[in-house]
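No hydrogens, no waters, no symmetry mates; every other heavy atom, side chains included, goes into these values. In what follows, every chain begins at residue 1, and chains take the letters A, B, ... in the order their sequences are listed.
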Protein chains: 2
Amino acid sequence: MKSEDELSTGPWALLALQRATHRTLQALAASLAELDLTASEINTLANLADGRGRTVRQLSLDTGTRGTTLTGVLDRLERRGYLTREPNAADRRSFRIALTESGRGVARRVREAVADVERTALAGVSPRQLDGYRAVLAALQEASR
Amino acid sequence: MKSEDELSTGPWALLALQRATHRTLQALAASLAELDLTASEINTLANLADGRGRTVRQLSLDTGTRGTTLTGVLDRLERRGYLTREPNAADRRSFRIALTESGRGVARRVREAVADVERTALAGVSPRQLDGYRAVLAALQEASR
DNA sequence: TATTGTTATACTCTATAACTATA
DNA sequence: TATAGTTATAGAGTATAACAATA
């Protein structure tokens, strides 16, 4: 717990953000160890798990991952048969990333693991606090463009 | 903006967390480009900026960075003259990481950049929302041990 | 001219395990 | 025996710049 003084005078919101991200990511990777996925792969699959196809650009915005990083991540997931890059008729420069049958299975397990962590963690949190969390994250993102 | 349906049924708290972390980190590194620091180095310096010495272990807990990663980060920062590893009389297995004079200067600038982002981002956020944010981050970390 | 996505390079971060010194 | 910190290795993530294809 930080001192009152620090909370009021020093920056803490971003430090806490990073700490929480590192921790939850490590916990998530551990709970999904059997699937042998990296943090970025988990992040990517969790985003794709809703079944909506996305372009690489959209996925990059959704995950916060750089395009150049995403190329490698998608390469590995494609090689493992979890997704495909389909031509995009609407814009022939881009692809639509779509989960395969087996990709959907893996993505579902990832999504469940993510949901599990959230359920456990947020059990004692009020809707109002959750709302504040969402608002602050949105504000941080908005200020970082 | 996500659909109502997704907010109520799917996991979003961790996905939003990762997205926000990536974004703010990129913005921070860009605003501190002249200092030529990586995200981890920024995180480390921002934590040390309060002037309190720490062991590597404590720093690892504070930043969420792995010990093995921290060794390299500290190596580089030490080589640049920003910090020193001082013997720790209390426990001779460990070191106390302390900022040097020039390290304090750099850390101050890092801390100011972090504070700037926070001020800008959180200008329109209420204390109550900020409180919810803090509570949720704490809950996520607690559930990830 | 600008954007989408990939490639290339060099460096940083991570996981894992082994190792030394100290507790 | 356990912990603090480092080292070693291999793979993954990053910034940056350049590139082809398309808009």
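Nearer the 5' end of DNA chain D, as judged by each residue's closest nucleotide, is the contact made by Thr71(B), out of Thr71(B) and Asp91(A). Looking at which nucleotide of DNA chain C each of Ala29(A) and Asp75(A) is closest to, the 5′-most match is held by Asp75(A). Both Glu41(B) and Gly67(A) lie close to DNA chain C; mapped to their nearest nucleotides by heavy-atom distance, the more 5′-ward contact belongs to Gly67(A).
Distances were taken from every side-chain heavy atom of Arg92(A) (C-beta onward) to each of dT6(D), dC13(C), dT22(D); the shortest belongs to dT22(D). Here the nucleotide nearest the side chain of Thr55(A), chosen from dT16(D), dG13(D), dG5(C), is dG5(C). Out of dG5(C), dT12(C), dT16(D), the shortest distance to the side chain of Thr38(B) is found at dT12(C). Checking dA17(D), dA23(D), dC13(C) against the side-chain heavy atoms of Ser40(B) singles out dC13(C) as nearest. Of the candidates dA15(D), dG13(D), dA21(D), the closest approach to any side-chain atom of Gln26(B) belongs to dA15(D). Residue Arg76(B) places its side chain closer to dC13(C) than to any other of dG13(D), dC13(C), dT22(D). Checked against dT6(C), dA4(D), dA15(C), the side chain of Arg66(B) finds its nearest nucleotide in dA15(C).
OP1 or OP2 of dT4(C) lies within a sub-4.0 Å distance of a side-chain N or O belonging to Arg57(A). Between dT14(C) and His22(A), a contact under 4.0 Å exists linking OP1 or OP2 to a side-chain N or O. Phosphate contact (OP1/OP2 of dG13(D), side-chain N/O of Thr69(A), threshold under 4.0 Å): absent. Here Thr68(B) does not reach the OP1 or OP2 of dT14(C): none of its side-chain N or O atoms lies under 4.0 Å away. Checking the phosphate oxygens (OP1, OP2) of dA2(D), no side-chain nitrogen or oxygen of Arg93(B) falls inside 4.0 Å.
Atom pair Gln18(A):CD and dC13(C):C1' shows a separation of 13 Å (rounding to whole Å applied). Look at CD on Gln58(B): it is 13 Å from C1' on dA4(D), rounded to the nearest Å. The distance between atom CG of Leu70(A) and atom P of dT14(D), rounded to the nearest whole Å, is 10 Å. Rounded to whole Å, atom P of dT14(C) lies 18 Å from atom CG of Asp36(A). Between Arg96(A) atom CZ and dG5(C) atom C1' the separation is 15 Å, expressed in whole Å. Arg54(B) places its CZ atom 16 Å from the P atom of dA4(D), with the value rounded to the nearest Å. Taking atom CG on Asn43(A) and atom C1' on dG13(D), their separation rounds to 13 Å, with Å as the unit. When the P atom of dA20(D) is taken as reference, atom CZ of Phe95(A) falls 16 Å away, rounded to whole Å.
Looking at heavy-atom distances under 4.0 Å, Arg85(A) makes contact with sugar-phosphate atoms alone, never a base. Note on Asn88(B): nothing from the nucleic acid sits closer than 4.0 angstrom, heavy atoms only.
In this structure, the side chain of Arg19(B) does not engage the main chain of Gly64(A) through any donor-acceptor pair within 3.5 Å. At distances below 3.5 Å, not a single donor-acceptor pair connects side-chain atoms of Thr65(B) with backbone N or O atoms of Ser60(B).
Transitive grouping of hydrophobic side chains (ILVMFWY, heavy atoms separated by less than 4.5 Å) brings Leu14(B) and Leu35(A) into a common cluster. Val114(B) and Trp12(A) fall within the same hydrophobic cluster, where Ile, Leu, Val, Met, Phe, Trp and Tyr residues are linked whenever their side-chain heavy atoms come under 4.5 Å apart, directly or through other members.
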Start with the C-alpha gap between Gln58(A) and Arg52(A), add the side-chain angles, then the distance that decides, and say whether side-chain contact (heavy atoms from CB on, under 4.5 Å) holds. CA-CA 11 Å; Gln58(A) 188 56 53; Arg52(A) 291 192 291 212; over 6 Å; no
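Looking at Arg134(B) and Asp131(B), a side-chain N of the basic residue comes within less than 4.0 Å of a carboxylate O on the acidic one, giving a salt bridge.
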